[in-house]
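Quick notes on the structure that follows.
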Amino acid sequence: MIKFEKYKLVNGLRVIIHQDKSTSLACINILYDVGARDENPQQTGFAHLFEHLMFGGSVNVPNYDEPLQRVGGENNAFTTNDITNYYLTLPAENLETGFWLESDRMLSLAFSEKSLEVQRNVVIEEFKQRYLNQPYGDVWLLLRPLAYKVHPYKWDTIGKEISHIENAKIEDVKNFFKRFYTPDNAIMVVAGNVEFEEVKKFTEKWFAKIPTGNIAKRNLPKEPVQTESRSLTVERDVPLDAIYKVYHMCSRFDKEYYAVDLLSDILSQGNSSRLHNELIKDKKLFSEIHAYVMGDFDKGLFVVSGKLTKGVSMQQADDAIIAVLEKFKQELVSTDELTKVKNKSEATHLFGEVDVLNKATNLAVAELLGDADIVNRETEKYLAVKAEEIKVQANIIFKKENCSSLYYNAKK
């Protein structure tokens, strides 16, 4: 059970405080409710560009990392299609330094041509290195527009193409910042060896005067139901053929999510999972195979991906995956199988409660999903899933016409 206090500043900033006396550290996690889905289709990659720009210095602090490192702190950030999350940890006695740094960049990020140029080059290099010049690196650049035709999940966080970042103007970047990086679009979690009153005092001192941004209500296009199977075949300079099959499923907000998540665990969690047993151990068709849910805030994707054993045909591999998935539509999963993945899910949840940074991030995401207390109710929701619910979801999701397949061939 994670205990916490929460309240809201007049400017809309949501604040959550979690005290953990078992550590000497404190953590500040600031989640901004902006991700790649909020970008202009002609200017993609901006949320991820900001992940870098936010470390480029503010008006008062030219180098964000330096004062943090001086007090023994470290920081990082990540961007998804739904959120951008910044976090830092530091010795608890230096907590105020974290407040100063985070509030300063929320209020007055420095927008210089030099900073933009530096970070633009970093992102372009990342695009080339991780997505274009790495084996299987472009998979999601191909899969997303195959699976999504209307919803902005059709591009990856890095962006649709390099030119969008190359052509980013300082005015465009400023406008994006003003629109989303405001207190009323953020959730701040302060966790660790902290005192409630001190945190409240620092929050008031450093954040209360930042003006609200009057965030517009999100109104994204809904993805229509997919009515025919789609496929794309490519050839790349990679060691092994690979196959990627994605199916549309419910969103992270939906009650069905827990059944679908457990279904993915039954399929591929550990060496006794169905895909591993049947397609790696028994039939030796794959060298590795995985199933997972994307966990998207809007309706997301159920993914099955694997690298084929040399000599196995794409057709053979495809048929074998479909055969495994079909069984879930016909039969109920066994009590033992379901109990095992529920136990693993519970253990993972408990293990996740050990790390203070993990707890802070989970509380922020849960609050964005509707209520920070979701973190304390998740395990119950997984434990309550019935075999019948998994079968229902398998029948909804694993339809031929709901699938987009990427056949990724190694150059001969």
Under 3.5 Å, which donor-acceptor pairs link side chains of residues 160-167 to any protein atom two or more places apart or in another chain?
from: Lys160; atom 1: NZ; to: Pro41; atom 2: O; distance (Å): 3.2
from: Glu161; atom 1: OE2; to: Ser163; atom 2: OG; distance (Å): 2.7
from: His164; atom 1: ND1; to: Thr44; atom 2: N; distance (Å): 3.1
from: His164; atom 1: ND1; to: Thr44; atom 2: OG1; distance (Å): 2.7
from: Asn167; atom 1: ND2; to: Ser163; atom 2: O; distance (Å): 3.1

Compile the donor-acceptor pairs under 3.5 Å between side chains in residues 282-289 and protein atoms, sequence neighbours left out, one pair per line.
from: Lys284; atom 1: NZ; to: Lys281; atom 2: O; distance (Å): 2.9
from: Ser287; atom 1: OG; to: Lys307; atom 2: O; distance (Å): 3.3
from: Glu288; atom 1: OE2; to: His290; atom 2: NE2; distance (Å): 3.1

* Got a donor-acceptor contact below 3.5 angstrom from the Lys329 side chain to the Gln393 backbone? -> no
* Asked: Is the shortest distance from a Lys or Arg side-chain nitrogen in Arg377 or Asp373 to a carboxylate oxygen in the other one below 4.0 Å?
  -> yes
* Answer yes if the side chains of Ser58 and Asn60 hold a donor-acceptor pair under 3.5 Å, and no otherwise. => no
* Asked: Can you list the steps and then say if Lys381 with Glu378 is a salt bridge (Lys or Arg N to Asp or Glu O under 4.0 Å)?
  -> CA-CA 5 Å; Lys381 290 183 177 178; Glu378 289 252 82; over 6 Å; no
* Are the side chain of Asp265 and the backbone of Val341 linked by a donor-acceptor contact shorter than 3.5 Å? -> no
* Test item: Glu39 side-chain N/O and Ala47 main-chain N/O as donor-acceptor pair under 3.5 Å -> yes
* NZ (Lys217) with more than 12 external heavy atoms under 6.0 Å -> no
* Under 6.0 Å from the six-membered ring centre of Phe328 and within 45° of its axis: does the NZ or CZ of Arg274 meet both? -> yes
* Ignoring hydrogens and angles, tell me if any N or O in the side chain of Asn121 forms a donor-acceptor pair with the backbone of Val118 under 3.5 Å. => no
* Side-chain ion pair, Glu223 and Lys149, N-O less than 4.0 Å -> no
* Asked: So does Glu126 pair up with Arg120, basic N to acidic O under 4.0 Å?
  -> no
* Other residues, nucleotides, ligands: >12 heavy atoms within 6.0 Å of Glu228 CD -> no
Output a table of donor-acceptor pairs, distance under 3.5 Å, between side-chain atoms of residues 292-301 and any protein atom two or more places apart or on a different chain; print 'none' if there are none.
from: Asp298; atom 1: OD1; to: Arg37; atom 2: NH1; distance (Å): 3.3
from: Asp298; atom 1: OD2; to: Arg37; atom 2: NH1; distance (Å): 3.0
from: Asp298; atom 1: OD2; to: His151; atom 2: NE2; distance (Å): 2.8

